Amino acid sequence: MRLAFPFHIDDSGRSAEVDEATYVRSLIELLILTDPGERVMRPDLGGRTQAMVFAPVTDELMGTTQALLQGNLERWLSSLAEIGDVEVRREESVVTVRVAYRIRSTGQTDEVLVTGGT
């Protein structure tokens, strides 16, 4: 059973569930949008992408963020998905992260595109 996020009750009065593809996609999005230190029981979980919005753009920053995301995605989600390409871009104050992945249980491939900023 894969619970929907955010948690809610479905029309039958039970905890809402989602399919495997939706579940994995939501976990990847959550990891990208979570900064390290936000989760009390998992202080090292997160992508540090929110800090990039106002940081000076350098090749080092982009490379470090990409490596951090790749490592955290593989660390926390490797049992569910094989992480492929991770791409981090920033234009003006908009950060875009693209993650390609393959769901281990089904073999389905997909990608997540998360864009944020001011």
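Both backbone and side-chain heavy atoms feed into the values below; hydrogens, waters and symmetry mates do not. The model shown is predicted, which means the values in this text are computed figures rather than measured ones.
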Minimal non-hydrogen separation, [X] against [Y], with atom names:
X: Asp10; Y: Ser12; value: OD1-OG, 2.7 Å
X: Ser15; Y: Leu3; value: CB-CD2, 3.7 Å
X: Val88; Y: Met62; value: O-CE, 3.3 Å
X: Arg104; Y: Ser79; value: CD-O, 3.7 Å

Which distance, rounded to the nearest 0.5 Å, do you find between the [atom1] of [X] and the [atom2] of [Y]?
X: Leu45; Y: Asp35; atom1: CG; atom2: CG; answer: 10.5 Å
X: Ile103; Y: Leu80; atom1: CD1; atom2: CG; answer: 9.0 Å
X: Leu73; Y: Leu31; atom1: CG; atom2: CG; answer: 5.0 Å
X: Ile32; Y: Thr96; atom1: CD1; atom2: OG1; answer: 11.0 Å
X: Glu111; Y: Arg98; atom1: CD; atom2: CZ; answer: 5.0 Å
X: Asp110; Y: Ile28; atom1: CG; atom2: CD1; answer: 8.0 Å

Report task. Kindly determine whether Arg25 and Tyr101 satisfy side chain to side chain contact (heavy atoms under 4.5 Å, CB included), including the steps that lead there. Result -> CA-CA 9 Å; Arg25 175 183 272 293; Tyr101 63 95; 3.7 Å; yes
Query raised in the report: Is it the case that one hydrophobic cluster holds both Leu68 and Leu30, taking links as side-chain heavy atoms less than 4.5 Å apart, direct or via other members?
Result: no
Report summary line: Sorted by chain and residue number, the salt bridge (Lys or Arg N to Asp or Glu O under 4.0 Å) partners of Glu74 (sequence neighbours excluded) come out as none
Query raised in the report: More than 12 non-hydrogen atoms from neighbouring residues, nucleotides or ligands closer than 6.0 Å to CZ on Arg42, yes or no?
Result: no
Query raised in the report: Would Glu87 and Gln66 count as a side chain to side chain contact (heavy atoms under 4.5 Å, CB included) if you check the C-alpha gap in whole Å, the side-chain angles of each, and the deciding distance to 0.1 Å?
Result: CA-CA 6 Å; Glu87 181 183 334; Gln66 184 172 336; 5.5 Å; no
Query raised in the report: With Asp44, which residues qualify under side-chain contact (heavy atoms from CB on, under 4.5 Å), at least two apart?
Result: Arg75, Trp76
